[in-house]
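The structure under discussion appears below in the form of C-alpha cells.
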Amino acid sequence: MYEVIIKKKTLKNIRRMPAPIQKKMANLAEDLRDKGPIRSDWPNFSKLGKNEYHCHLSHSWVACWYHERNTVVIEVYYAGSRENAPY
C-alpha cells in the first residue's frame, strides 16, 4: 500500500475538471495507492523521466506523478489539460 499525496494546486485543478474526469482521477489515485506507481493498465501510460510517470484520463486530460524509489510515497504533481501538461 502506497501513500498518495496530491499537491494543493493540483487539487484545485481537479475540482475544475468535468465530473466524469474527476471520477477517473479518483480511480487513478486509488490504483496508485493500491498497486503502486507503474500503471501500464492506464491509457498512454509512460515514464517521463527518472521516477516520473504520466497517463491520460481521457483524450484531453492527463495526470503526472513522482515516486522516489524505495519509498511508499507517490506525489501527484499535475492533473489537468493535456495542453498545459509539464512535459
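Start at 1 with the first residue, then count along the sequence. None of the values given here were measured: they were computed from a predicted structure.
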Nearest non-hydrogen partners of Ile74 and Gly36, listed with the distance: CD1-C, 3.9 Å
Pair Glu52-Tyr77, side-chain donor/acceptor within less than 3.5 Å: yes
Verify same cluster id: Val4, Ile14 (apolar side-chain graph, 4.5 Å): yes
Side chain to side chain, Val76 and Lys7, heavy atoms closer than 4.5 Å: no
Working for side-chain contact (heavy atoms from CB on, under 4.5 Å), residues Met1 and Arg33: CA-CA 6 Å; Met1 190 92 106; Arg33 184 193 68 206; 3.9 Å; yes
Backbone N/O of Met17 and side chain of Gln22: donor-acceptor pair under 3.5 Å: yes
Donor-acceptor side-chain pairing of Ser81 and Asn84 below 3.5 angstrom: yes
Check ion pair Arg39-Asp41 (N to O, under 4.0 angstrom): yes
Crowding at NZ, Lys47 (>12 non-hydrogen neighbours, <6.0 Å): yes
Spacing of CD1 belonging to Ile21 relative to OG belonging to Ser58, to within rounding of 0.5 Å: 3.5 Å
Aromatic ring proximity Tyr2/His67, centre distance under 6.0 Å: yes
Spacing of Leu28 atom CG and Ile6 atom CD1 [to the nearest 0.5 Å]: 8.5 Å
Cluster link Val62 to Trp42, ILVMFWY, side chain under 4.5 Å: no
His59 to His56 - nearest heavy-atom pair and separation: O-ND1, 4.3 Å
Tyr66/Lys50 under side-chain contact (heavy atoms from CB on, under 4.5 Å): CA gap, chis, key distance, verdict: CA-CA 9 Å; Tyr66 175 82; Lys50 188 177 181 195; over 6 Å; no
Separation between OG of Ser46 and OH of Tyr53, rounded to the nearest 0.5 Å: 10.5 Å
Donor-acceptor contact present, side-chain Trp61 to main-chain Ala79, <3.5 Å: no
Same apolar cluster: Met25 and Ile5, side chain cutoff 4.5 Å: no
Pro86 versus Cys64, closest heavy-atom pair with distance: CD-SG, 4.2 Å
Same apolar cluster: Leu48 and Phe45, side chain cutoff 4.5 Å: no
